[in-house]
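Within every chain, numbering begins at 1; the chains are lettered A, B, ... in the order of the sequence lines, protein sequences first and strands thereafter.
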Amino acid sequence: MDYQQNTYSMTSYGAQGGAGGGGFMNTGSQNSPGSGAKQQYGKDTLRPVTIKQILDAQQPHPDAEFKVDGSEITQVTFVGQIRNISTQTTNVTYKLDDGTGTVEVKQWIDSDATSAMDTTDSSKPKLAENAYARVFGRLKAFNNKRHVGAHVIKPINDYNEIQCHLLEATVVHLHFTRGPPQSLNKEGAANGAYGRQDGGAAGGDYGGGPLPNTLSGAARKVYNLLKTAPQTNEGLQAQVIAVQLNMPTADVVKAGDDLVGQGLIYTTVDEHTWAVLDV
Amino acid sequence: MSEATPRITAPYLETFSHQTVRILGKVVQLRGEQATVDAGGQIAVLLNRDSHLTLNHAVEIVGKVQNDLSVKVLASTDFGTNIDFAAVEAVVDATHRYKEIFYGDDS
(Lines give C-alpha, C1' and ligand atoms only; values in the text may rest on other atoms or scores of the structure.)
Protein backbone atom coordinates (compact mmCIF):
# COMPACT_ATOMS: atom_id res chain seq x y z
CA MET A 1 0.00 0.00 0.00
CA ASP A 2 3.02 2.24 0.40
CA TYR A 3 3.45 2.92 -3.26
CA GLN A 4 -0.14 4.00 -3.63
CA GLN A 5 0.35 6.61 -0.96
CA ASN A 6 3.47 7.81 -2.78
CA THR A 7 1.60 8.12 -6.01
CA TYR A 8 -1.12 10.13 -4.39
CA SER A 9 1.33 12.40 -2.68
CA MET A 10 3.15 13.09 -5.95
CA THR A 11 -0.02 13.98 -7.79
CA SER A 12 -1.02 16.23 -4.95
CA TYR A 13 2.11 18.33 -5.54
CA GLY A 14 0.67 19.06 -8.91
CA ALA A 15 1.32 18.36 -12.60
CA GLN A 16 3.05 15.09 -11.80
CA GLY A 17 0.22 12.75 -12.68
CA GLY A 18 2.04 11.14 -15.59
CA ALA A 19 5.24 10.59 -13.66
CA GLY A 20 3.35 9.23 -10.69
CA GLY A 21 1.60 6.75 -12.91
CA GLY A 22 4.91 5.71 -14.33
CA GLY A 23 6.25 5.14 -10.85
CA PHE A 24 3.29 2.98 -10.06
CA MET A 25 3.88 0.91 -13.17
CA ASN A 26 7.50 0.35 -12.27
CA THR A 27 6.65 -0.78 -8.80
CA GLY A 28 4.09 -3.17 -10.20
CA SER A 29 6.47 -4.75 -12.64
CA GLN A 30 9.06 -5.28 -9.94
CA ASN A 31 6.64 -7.36 -7.96
CA SER A 32 5.61 -9.69 -10.71
CA PRO A 33 8.66 -11.91 -11.42
CA GLY A 34 10.31 -14.32 -9.04
CA SER A 35 7.33 -16.42 -8.07
CA GLY A 36 7.55 -19.04 -10.86
CA ALA A 37 9.37 -22.23 -9.87
CA LYS A 38 12.27 -22.94 -12.16
CA GLN A 39 12.64 -26.48 -13.48
CA GLN A 40 16.17 -27.66 -13.23
CA TYR A 41 16.82 -28.72 -16.78
CA GLY A 42 20.39 -27.58 -16.24
CA LYS A 43 20.99 -30.71 -14.22
CA ASP A 44 20.00 -33.03 -17.05
CA THR A 45 22.78 -35.34 -18.13
CA LEU A 46 23.09 -38.00 -20.79
CA ARG A 47 25.10 -40.78 -19.31
CA PRO A 48 26.44 -43.89 -21.06
CA VAL A 49 25.70 -46.92 -18.90
CA THR A 50 25.67 -50.69 -18.99
CA ILE A 51 22.42 -52.53 -18.36
CA LYS A 52 23.89 -53.87 -15.11
CA GLN A 53 24.32 -50.28 -13.94
CA ILE A 54 20.66 -49.62 -14.74
CA LEU A 55 19.59 -52.67 -12.75
CA ASP A 56 21.89 -51.71 -9.87
CA ALA A 57 20.85 -48.05 -9.85
CA GLN A 58 19.79 -46.78 -6.43
CA GLN A 59 16.55 -44.94 -5.87
CA PRO A 60 16.65 -43.15 -2.50
CA HIS A 61 12.85 -42.96 -2.34
CA PRO A 62 10.04 -43.52 -4.85
CA ASP A 63 9.78 -40.76 -7.48
CA ALA A 64 13.34 -39.66 -6.80
CA GLU A 65 15.89 -39.67 -9.57
CA PHE A 66 17.94 -42.86 -9.81
CA LYS A 67 21.54 -42.72 -8.77
CA VAL A 68 24.50 -44.49 -10.32
CA ASP A 69 27.90 -44.21 -8.64
CA GLY A 70 26.38 -41.68 -6.26
CA SER A 71 25.34 -39.18 -8.90
CA GLU A 72 21.87 -38.68 -10.28
CA ILE A 73 21.08 -39.97 -13.71
CA THR A 74 18.39 -38.48 -15.86
CA GLN A 75 18.90 -39.45 -19.48
CA VAL A 76 20.86 -42.61 -20.20
CA THR A 77 22.17 -44.22 -23.34
CA PHE A 78 23.24 -47.77 -23.92
CA VAL A 79 23.79 -50.38 -26.60
CA GLY A 80 22.30 -53.84 -26.53
CA GLN A 81 21.12 -56.78 -28.54
CA ILE A 82 17.35 -57.02 -29.02
CA ARG A 83 16.14 -60.30 -27.57
CA ASN A 84 12.42 -59.80 -27.96
CA ILE A 85 10.07 -57.29 -29.51
CA SER A 86 6.45 -57.08 -28.46
CA THR A 87 4.19 -54.60 -30.16
CA GLN A 88 1.25 -53.36 -28.14
CA THR A 89 -1.42 -50.83 -28.94
CA THR A 90 0.26 -47.95 -27.15
CA ASN A 91 3.90 -48.93 -27.10
CA VAL A 92 6.54 -51.28 -28.40
CA THR A 93 8.49 -53.15 -25.74
CA TYR A 94 11.97 -54.33 -26.59
CA LYS A 95 13.99 -56.61 -24.36
CA LEU A 96 17.63 -55.62 -24.61
CA ASP A 97 20.67 -57.63 -23.57
CA ASP A 98 24.18 -56.19 -23.54
CA GLY A 99 25.92 -59.13 -21.91
CA THR A 100 25.69 -57.58 -18.45
CA GLY A 101 21.96 -58.04 -17.98
CA THR A 102 18.64 -57.53 -19.68
CA VAL A 103 16.20 -54.65 -19.43
CA GLU A 104 12.91 -53.73 -21.02
CA VAL A 105 12.78 -50.67 -23.22
CA LYS A 106 9.42 -49.13 -24.01
CA GLN A 107 8.85 -46.77 -26.85
CA TRP A 108 5.47 -45.10 -26.95
CA ILE A 109 3.82 -45.09 -30.30
CA ASP A 110 3.19 -41.66 -31.69
CA SER A 111 0.35 -42.32 -34.08
CA ASP A 112 1.16 -39.23 -36.13
CA ALA A 113 4.83 -39.97 -36.55
CA THR A 114 4.91 -43.71 -37.13
CA SER A 115 3.49 -43.70 -40.63
CA ALA A 116 6.08 -41.18 -41.76
CA MET A 117 8.86 -43.16 -40.07
CA ASP A 118 7.90 -46.40 -41.75
CA THR A 119 8.18 -45.02 -45.23
CA THR A 120 11.54 -43.34 -44.72
CA ASP A 121 13.13 -46.22 -42.85
CA SER A 122 12.52 -48.94 -45.40
CA SER A 123 16.03 -48.76 -46.87
CA LYS A 124 17.88 -48.69 -43.53
CA PRO A 125 18.46 -51.69 -41.27
CA LYS A 126 15.44 -52.22 -39.07
CA LEU A 127 15.04 -53.07 -35.45
CA ALA A 128 14.78 -56.84 -35.48
CA GLU A 129 15.33 -59.59 -32.97
CA ASN A 130 19.03 -60.33 -32.42
CA ALA A 131 20.00 -57.02 -34.01
CA TYR A 132 21.96 -54.49 -31.97
CA ALA A 133 20.42 -51.16 -31.11
CA ARG A 134 21.35 -47.96 -29.33
CA VAL A 135 18.82 -46.53 -26.92
CA PHE A 136 18.47 -43.01 -25.58
CA GLY A 137 15.96 -42.79 -22.80
CA ARG A 138 15.03 -42.24 -19.20
CA LEU A 139 15.01 -44.84 -16.46
CA LYS A 140 11.55 -45.48 -15.02
CA ALA A 141 10.19 -47.68 -12.29
CA PHE A 142 6.68 -49.05 -12.41
CA ASN A 143 5.31 -51.63 -9.96
CA ASN A 144 8.84 -52.32 -8.73
CA LYS A 145 9.86 -53.20 -12.25
CA ARG A 146 12.36 -51.09 -14.08
CA HIS A 147 12.18 -50.16 -17.68
CA VAL A 148 13.66 -47.51 -19.88
CA GLY A 149 11.32 -45.08 -21.56
CA ALA A 150 13.01 -44.60 -24.88
CA HIS A 151 13.13 -41.33 -26.74
CA VAL A 152 15.15 -42.88 -29.54
CA ILE A 153 15.95 -46.46 -30.32
CA LYS A 154 17.86 -47.03 -33.51
CA PRO A 155 19.71 -49.91 -35.09
CA ILE A 156 23.50 -49.99 -35.02
CA ASN A 157 25.22 -49.81 -38.37
CA ASP A 158 28.84 -50.11 -37.26
CA TYR A 159 29.45 -52.89 -34.75
CA ASN A 160 32.47 -51.03 -33.37
CA GLU A 161 29.92 -48.80 -31.65
CA ILE A 162 29.31 -51.64 -29.16
CA GLN A 163 32.95 -51.64 -28.07
CA CYS A 164 33.02 -47.85 -28.10
CA HIS A 165 29.99 -47.65 -25.85
CA LEU A 166 31.28 -50.17 -23.31
CA LEU A 167 34.61 -48.35 -23.05
CA GLU A 168 32.81 -45.02 -22.76
CA ALA A 169 30.62 -46.36 -19.98
CA THR A 170 33.77 -47.57 -18.19
CA VAL A 171 35.48 -44.19 -18.51
CA VAL A 172 32.44 -42.38 -17.13
CA HIS A 173 32.10 -44.89 -14.30
CA LEU A 174 35.75 -44.37 -13.36
CA HIS A 175 35.33 -40.62 -13.65
CA PHE A 176 32.58 -40.71 -11.03
CA THR A 177 34.20 -43.24 -8.70
CA ARG A 178 37.86 -42.21 -8.91
CA GLY A 179 37.76 -38.66 -10.23
CA PRO A 180 39.01 -37.37 -13.54
CA PRO A 181 42.09 -38.89 -15.13
CA GLN A 182 45.18 -37.38 -13.59
CA SER A 183 47.00 -36.79 -16.84
CA LEU A 184 45.87 -35.94 -20.31
CA ASN A 185 47.73 -38.76 -22.07
CA LYS A 186 44.89 -41.19 -21.62
CA GLU A 187 46.28 -43.53 -24.28
CA GLY A 188 47.99 -45.31 -21.41
CA ALA A 189 44.56 -46.16 -20.06
CA ALA A 190 44.33 -49.14 -22.38
CA ASN A 191 47.00 -50.74 -20.24
CA GLY A 192 45.18 -49.75 -17.11
CA ALA A 193 47.79 -47.09 -16.40
CA TYR A 194 45.61 -44.44 -14.80
CA GLY A 195 48.07 -44.20 -11.98
CA ARG A 196 51.39 -43.13 -13.45
CA GLN A 197 52.06 -39.74 -14.89
CA ASP A 198 54.94 -38.45 -16.90
CA GLY A 199 57.02 -35.38 -16.18
CA GLY A 200 58.00 -33.65 -13.01
CA ALA A 201 54.51 -33.42 -11.60
CA ALA A 202 54.29 -37.17 -11.18
CA GLY A 203 56.46 -37.42 -8.12
CA GLY A 204 54.62 -34.74 -6.25
CA ASP A 205 51.23 -36.27 -6.83
CA TYR A 206 51.81 -39.40 -4.83
CA GLY A 207 54.46 -38.07 -2.49
CA GLY A 208 52.06 -37.16 0.29
CA GLY A 209 49.42 -39.76 -0.37
CA PRO A 210 46.81 -39.72 -3.13
CA LEU A 211 44.67 -36.65 -3.66
CA PRO A 212 40.93 -36.90 -3.03
CA ASN A 213 39.06 -38.19 -6.08
CA THR A 214 36.68 -35.28 -6.06
CA LEU A 215 39.33 -32.72 -7.02
CA SER A 216 39.01 -31.07 -10.41
CA GLY A 217 41.77 -31.31 -12.98
CA ALA A 218 42.61 -27.63 -12.41
CA ALA A 219 42.94 -28.17 -8.68
CA ARG A 220 45.31 -31.10 -9.28
CA LYS A 221 47.49 -28.95 -11.54
CA VAL A 222 47.62 -26.13 -9.00
CA TYR A 223 48.43 -28.52 -6.18
CA ASN A 224 51.20 -30.18 -8.17
CA LEU A 225 52.75 -26.84 -9.05
CA LEU A 226 52.61 -25.64 -5.44
CA LYS A 227 54.24 -28.85 -4.37
CA THR A 228 57.07 -28.84 -6.90
CA ALA A 229 57.78 -25.21 -7.90
CA PRO A 230 60.61 -23.37 -6.11
CA GLN A 231 59.10 -20.81 -3.72
CA THR A 232 59.57 -18.99 -0.45
CA ASN A 233 57.67 -19.94 2.67
CA GLU A 234 55.00 -17.50 1.55
CA GLY A 235 54.03 -19.93 -1.20
CA LEU A 236 52.82 -18.76 -4.59
CA GLN A 237 50.37 -16.06 -5.61
CA ALA A 238 47.36 -16.97 -7.78
CA GLN A 239 48.52 -14.85 -10.72
CA VAL A 240 51.99 -16.39 -10.64
CA ILE A 241 50.40 -19.83 -10.74
CA ALA A 242 48.10 -18.74 -13.57
CA VAL A 243 51.09 -17.62 -15.66
CA GLN A 244 53.09 -20.76 -14.97
CA LEU A 245 50.20 -23.11 -15.72
CA ASN A 246 48.87 -20.97 -18.57
CA MET A 247 45.42 -20.99 -16.99
CA PRO A 248 42.88 -18.19 -16.41
CA THR A 249 43.42 -16.56 -12.99
CA ALA A 250 39.76 -17.09 -12.12
CA ASP A 251 40.17 -20.87 -12.56
CA VAL A 252 43.31 -20.83 -10.42
CA VAL A 253 41.49 -18.93 -7.65
CA LYS A 254 38.62 -21.42 -7.75
CA ALA A 255 41.02 -24.37 -7.72
CA GLY A 256 42.90 -22.79 -4.82
CA ASP A 257 39.70 -22.28 -2.84
CA ASP A 258 38.81 -25.94 -3.41
CA LEU A 259 42.23 -27.03 -2.19
CA VAL A 260 41.97 -24.78 0.86
CA GLY A 261 38.55 -26.27 1.53
CA GLN A 262 40.04 -29.75 1.39
CA GLY A 263 42.79 -28.72 3.79
CA LEU A 264 45.54 -29.49 1.30
CA ILE A 265 46.95 -25.96 1.07
CA TYR A 266 46.66 -22.85 3.24
CA THR A 267 46.65 -19.11 2.63
CA THR A 268 49.72 -17.14 3.63
CA VAL A 269 50.21 -13.37 3.14
CA ASP A 270 46.80 -12.80 1.53
CA GLU A 271 43.82 -14.89 0.59
CA HIS A 272 45.16 -15.67 -2.90
CA THR A 273 48.64 -16.73 -1.93
CA TRP A 274 48.92 -20.37 -0.98
CA ALA A 275 51.45 -22.86 0.26
CA VAL A 276 51.15 -26.61 0.54
CA LEU A 277 50.11 -27.87 3.93
CA ASP A 278 52.62 -30.66 4.26
CA VAL A 279 51.95 -32.94 7.16
CA MET B 1 23.33 -62.56 -12.57
CA SER B 2 22.39 -65.68 -14.48
CA GLU B 3 21.52 -63.53 -17.48
CA ALA B 4 24.98 -62.00 -17.78
CA THR B 5 27.24 -63.29 -20.50
CA PRO B 6 30.78 -62.12 -19.78
CA ARG B 7 32.82 -61.00 -22.75
CA ILE B 8 36.01 -63.02 -22.95
CA THR B 9 38.94 -63.86 -25.19
CA ALA B 10 40.87 -67.12 -25.48
CA PRO B 11 43.06 -66.63 -22.36
CA TYR B 12 39.94 -66.36 -20.19
CA LEU B 13 38.40 -69.66 -21.35
CA GLU B 14 39.74 -71.67 -18.43
CA THR B 15 38.32 -69.23 -15.86
CA PHE B 16 34.88 -69.47 -17.41
CA SER B 17 34.48 -73.19 -18.08
CA HIS B 18 30.86 -74.36 -17.90
CA GLN B 19 29.64 -70.79 -18.12
CA THR B 20 27.82 -68.94 -20.84
CA VAL B 21 30.11 -66.37 -22.38
CA ARG B 22 30.24 -63.90 -25.23
CA ILE B 23 33.16 -64.03 -27.64
CA LEU B 24 33.86 -61.65 -30.50
CA GLY B 25 36.45 -63.06 -32.86
CA LYS B 26 37.39 -63.67 -36.44
CA VAL B 27 36.43 -66.88 -38.19
CA VAL B 28 39.67 -68.48 -39.41
CA GLN B 29 38.53 -71.99 -40.26
CA LEU B 30 35.23 -73.73 -41.04
CA ARG B 31 34.94 -77.51 -40.83
CA GLY B 32 31.29 -78.49 -41.13
CA GLU B 33 29.96 -78.70 -37.58
CA GLN B 34 33.07 -77.08 -36.13
CA ALA B 35 34.93 -73.86 -36.66
CA THR B 36 37.97 -72.05 -35.34
CA VAL B 37 37.65 -68.47 -34.19
CA ASP B 38 40.56 -66.19 -33.40
CA ALA B 39 39.93 -64.01 -30.34
CA GLY B 40 43.20 -63.33 -28.54
CA GLY B 41 44.08 -66.92 -29.47
CA GLN B 42 42.40 -69.80 -31.26
CA ILE B 43 39.09 -71.07 -29.92
CA ALA B 44 37.41 -74.24 -31.17
CA VAL B 45 33.71 -73.69 -31.72
CA LEU B 46 30.94 -76.28 -31.99
CA LEU B 47 28.26 -74.90 -34.26
CA ASN B 48 24.54 -75.37 -34.13
CA ARG B 49 22.19 -75.56 -37.09
CA ASP B 50 21.24 -71.90 -36.95
CA SER B 51 24.74 -70.50 -36.93
CA HIS B 52 25.95 -69.25 -40.28
CA LEU B 53 29.58 -68.31 -40.00
CA THR B 54 31.47 -66.70 -42.85
CA LEU B 55 35.20 -67.17 -43.26
CA ASN B 56 37.28 -64.08 -42.35
CA HIS B 57 34.22 -62.30 -40.99
CA ALA B 58 34.01 -61.18 -37.37
CA VAL B 59 31.42 -63.09 -35.44
CA GLU B 60 29.96 -62.67 -32.00
CA ILE B 61 29.22 -65.96 -30.31
CA VAL B 62 27.15 -66.47 -27.21
CA GLY B 63 28.00 -69.96 -26.09
CA LYS B 64 28.89 -72.33 -23.32
CA VAL B 65 32.49 -73.22 -22.53
CA GLN B 66 32.93 -77.00 -22.51
CA ASN B 67 35.29 -79.20 -20.52
CA ASP B 68 37.88 -79.24 -23.30
CA LEU B 69 37.67 -75.40 -23.55
CA SER B 70 35.79 -75.54 -26.82
CA VAL B 71 32.69 -73.35 -27.02
CA LYS B 72 29.24 -74.67 -27.88
CA VAL B 73 27.32 -72.02 -29.79
CA LEU B 74 23.94 -70.90 -28.49
CA ALA B 75 23.64 -67.88 -30.74
CA SER B 76 25.90 -66.20 -33.24
CA THR B 77 25.79 -62.83 -34.94
CA ASP B 78 27.80 -61.90 -38.00
CA PHE B 79 29.69 -58.63 -37.40
CA GLY B 80 31.08 -58.21 -40.90
CA THR B 81 34.66 -57.38 -41.74
CA ASN B 82 35.09 -53.90 -40.32
CA ILE B 83 35.83 -54.68 -36.68
CA ASP B 84 38.65 -53.12 -34.67
CA PHE B 85 39.95 -56.11 -32.69
CA ALA B 86 42.21 -53.88 -30.58
CA ALA B 87 39.04 -52.24 -29.26
CA VAL B 88 37.50 -55.65 -28.66
CA GLU B 89 40.49 -56.69 -26.55
CA ALA B 90 40.37 -53.40 -24.68
CA VAL B 91 36.71 -54.02 -23.88
CA VAL B 92 37.40 -57.53 -22.58
CA ASP B 93 40.22 -56.16 -20.45
CA ALA B 94 38.08 -53.30 -19.11
CA THR B 95 35.08 -55.52 -18.40
CA HIS B 96 37.14 -57.83 -16.22
CA ARG B 97 39.17 -55.09 -14.59
CA TYR B 98 36.09 -53.06 -13.65
CA LYS B 99 33.62 -55.89 -13.35
CA GLU B 100 31.44 -53.98 -10.89
CA ILE B 101 29.60 -52.31 -13.74
CA PHE B 102 29.59 -55.32 -16.07
CA TYR B 103 29.26 -58.58 -14.24
CA GLY B 104 28.28 -59.61 -10.77
CA ASP B 105 31.04 -59.94 -8.24
CA ASP B 106 30.29 -63.64 -8.00
CA SER B 107 31.36 -64.43 -11.56
- Message: Can you confirm whether A:Arg138 sits close enough to A:Asp44 that some side-chain heavy atom of one is under 4.5 Å from a side-chain heavy atom of the other?
- Response: yes

- Item | Pair B:Arg22 + A:Asp97, salt bridge at N-O below 4.0 Å | yes

Considering all heavy atoms of both residues, which atom of [X] and which atom of [Y] are nearest to each other, and what is their separation?
{"X": "B:Leu30", "Y": "B:Ala35", "value": "CD2-CB, 3.8 Å"}
{"X": "A:Val79", "Y": "A:Tyr132", "value": "CG1-CD2, 4.1 Å"}
{"X": "B:Gln66", "Y": "B:Ser17", "value": "O-CB, 4.4 Å"}
{"X": "A:His151", "Y": "A:Gly137", "value": "CD2-CA, 3.7 Å"}

Can you tell me which portion of [X] sits under 4.5 Å from chain B's heavy atoms? Options are side chain, backbone, both or neither.
{"X": "A:Asn130", "value": "backbone"}
{"X": "A:Asp98", "value": "backbone"}
{"X": "A:Ile51", "value": "neither"}

What is the distance from atom [atom1] of [X] to atom [atom2] of [Y], rounded to the nearest 0.5 Å?
{"X": "A:Phe78", "Y": "A:Leu96", "atom1": "CZ", "atom2": "CG", "answer": "5.5 Å"}
{"X": "A:Tyr223", "Y": "A:Thr228", "atom1": "OH", "atom2": "OG1", "answer": "10.5 Å"}
{"X": "B:Phe102", "Y": "A:His173", "atom1": "CZ", "atom2": "NE2", "answer": "8.5 Å"}
{"X": "A:Thr45", "Y": "A:Glu65", "atom1": "OG1", "atom2": "CD", "answer": "8.5 Å"}
{"X": "A:Gln53", "Y": "B:Glu100", "atom1": "CD", "atom2": "CD", "answer": "8.5 Å"}
{"X": "A:Leu259", "Y": "A:Ile265", "atom1": "CG", "atom2": "CD1", "answer": "4.5 Å"}

- Message: If the condition is ring-ring contact (aromatic ring centres under 6.0 Å, His included), which residues does A:His165 pass it with, not counting sequence neighbours?
- Response: none

- Item | Qualifying residue for side chain to side chain contact (heavy atoms under 4.5 Å, CB included) with A:Lys95, from A:Val105, A:Val103, A:Asn84 | A:Asn84

- Tabulate, in ascending numerical order, the residues of residues 36-63 of chain B having at least one heavy atom closer than 4.5 Å to a heavy atom of chain A, or enter 'none'. B:Glu60, B:Val62

- Item | For chain A, which residues of residues 69-82 of chain B have heavy atoms nearer than 4.5 angstrom |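 Answer by number: B:Thr77, B:Asp78, B:Phe79, B:Asn82.
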
- Message: Give the interface residues of residues 86-93 of chain A toward chain B, defined by a heavy-atom separation under 4.5 Å.
- Response: none

